[in-house]
2 protein chains.
Amino acid sequence: MGASKLFMFDQRINEVARIAKVLAHPARISILKYISEQDGCICNDLVDEIGLSQATISQHLTVIGNEGLLKGTFTGKKKSYCLNIERFEELQMLLNSFLNKTKSNCC
Amino acid sequence: MGASKLFMFDQRINEVARIAKVLAHPARISILKYISEQDGCICNDLVDEIGLSQATISQHLTVIGNEGLLKGTFTGKKKSYCLNIERFEELQMLLNSFLNKTKSNCC
DNA sequence: TCGTAATATTGCAATATTACGATATTGTGA
DNA sequence: TCACAATATCGTAATATTGCAATATTACGA
């Protein structure tokens, strides 16, 4: 019942799914978009921009961060987030590697 | 509280998230992988292959199908699923379009 | 027509995710 | 040190997803 039979899938497959999960919520897409547009940004900007509560934004940032997609630096009491481009590209490549392999043969 | 504040995000953003959501579960990744490897396949094969119940597999197939990723043809009482490559590539392009735009500027 | 095989749907239980108020933490400047 | 601003974490409610047994549907062959 319920979820989490993840154990039964091989690592590669779980990895692709995990990457996709980060992108699977519009708030996180918005956050990534905004961060990239701002060339570094701040959580509170996101709260204003996206219109979700500070707690919720912070939570989404954690989800994105857990996949290694963010570099955050404190400047004073504010935290500047920006993309970890290397990791970002790595994930994009993993995704595309799966997608390309999948579409290569078909009926 | 809880979920679904999707209305507040623009269409483009919701679309990317929706695409990612299809890929956000290892069972669905496995299904896509298996279908592509088999050059057309059958639901019951998937049940054996993936080890989830027939009902669950069928459900996942519906999720994948709702994004237009499957073409199913009945041959007798069996249903042959295969990838809708055109749609598959379209989604891949949408994803990459977002990812590329996002990573292009950074601090 | 019946029985059977393959797939879909329904109903429901278990989990996971999302959201937010309240509170904690951390750093700054007075 | 104290008050304040920015961010993180906790607790909890609402919603969504996942999974399966049971049942329905559909198509075939006898």
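These numbers come from a predicted model, not from an experiment. Below, chains carry the letters A, B, ... as their sequence lines are ordered, and counting in each starts from 1.
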What is the distance from CG of A:Leu52 to C1' of D:dT7, rounded to the nearest Å? 16 Å
Any base atoms under 4.0 Å from A:Ile57, or only sugar-phosphate, or nothing? Heavy atoms, all strands. nothing
B:Ile29 CD1 to D:dT18 C1', in whole Å, measures 16 Å
Under 3.5 Å on both distances, the Watson-Crick or G-U partner of C:dT1: D:dA30
By nearest atom, which of the nucleotides D:dC20, D:dT7, C:dT7 is closest to the B:Tyr81 side chain? C:dT7
Send over the distance from B:Leu70 CG to C:dA8 C1', rounded to a whole Å. 14 Å
Could you state the CD1-P distance from B:Ile50 to C:dT7, rounded to the nearest angstrom? 13 Å
Give the rounded distance in Å between these two atoms: NZ of B:Lys79 and P of C:dT9. 8 Å
Hey, which of these two, B:Asn44 or B:Gln59, hits DNA chain C nearer its 5' end, going by closest nucleotide? B:Asn44
Using the test salt bridge (charged side-chain N to carboxylate O under 4.0 Å, His left out), find all partners of B:Glu49 that sit at least two apart in sequence or belong to another chain. none
Please report, rounded to the nearest Å, how far the P atom of D:dT17 is from the CG atom of B:Asn66. 11 Å
Could you work out which one of C:dT9, D:dT7, C:dT17 sits closest to the side chain of A:Lys21? C:dT17
Output all residues satisfying salt bridge (charged side-chain N to carboxylate O under 4.0 Å, His left out) with B:Glu67, sequence neighbours left out; order by chain, then residue number. B:Arg18, B:Arg87
Other residues, nucleotides, ligands: >12 heavy atoms within 6.0 Å of B:Glu86 CD: yes
Nearest listed nucleotide, side chain of B:Ser58, among D:dT18, C:dT18, C:dA8: C:dA8
Return no unless some side-chain N or O of B:Ser53 is found under 4.0 Å from OP1 or OP2 of D:dC20. yes
On DNA chain C, compare the nucleotides closest to A:Ala55 and A:Arg28; which residue's is nearer the 5' end? A:Arg28
Look at A:His25 and D:dA16 and indicate whether a side-chain polar atom (N or O) is within less than 4.0 Å of OP1 or OP2. no
Atom-to-atom span, CG of A:Asn14 to P of C:dA16 - whole angstrom: 14 Å
Which atom names give the shortest non-hydrogen contact between B:His25 and A:Ala17, and what distance separates them? C-CB, 3.8 Å
Whole Å only: how far is the CD1 atom of B:Ile64 from the C1' atom of C:dA8? 15 Å
Side chain of A:Gln54, base of D:dA8: donor and acceptor closer than 3.5 Å? yes
Apply side chain to side chain donor-acceptor pair (under 3.5 Å) to A:Asn44 and A:Gln54, showing your working. CA-CA 7 Å; A:Asn44 250 336; A:Gln54 183 267 323; over 6 Å; no
Complementary nucleotide of C:dT18, counting Watson-Crick and G-U pairs under 3.5 Å: D:dA13
Which of the following nucleotides, C:dT18, C:dC20, D:dG19, is nearest to the side chain of A:His60? C:dT18
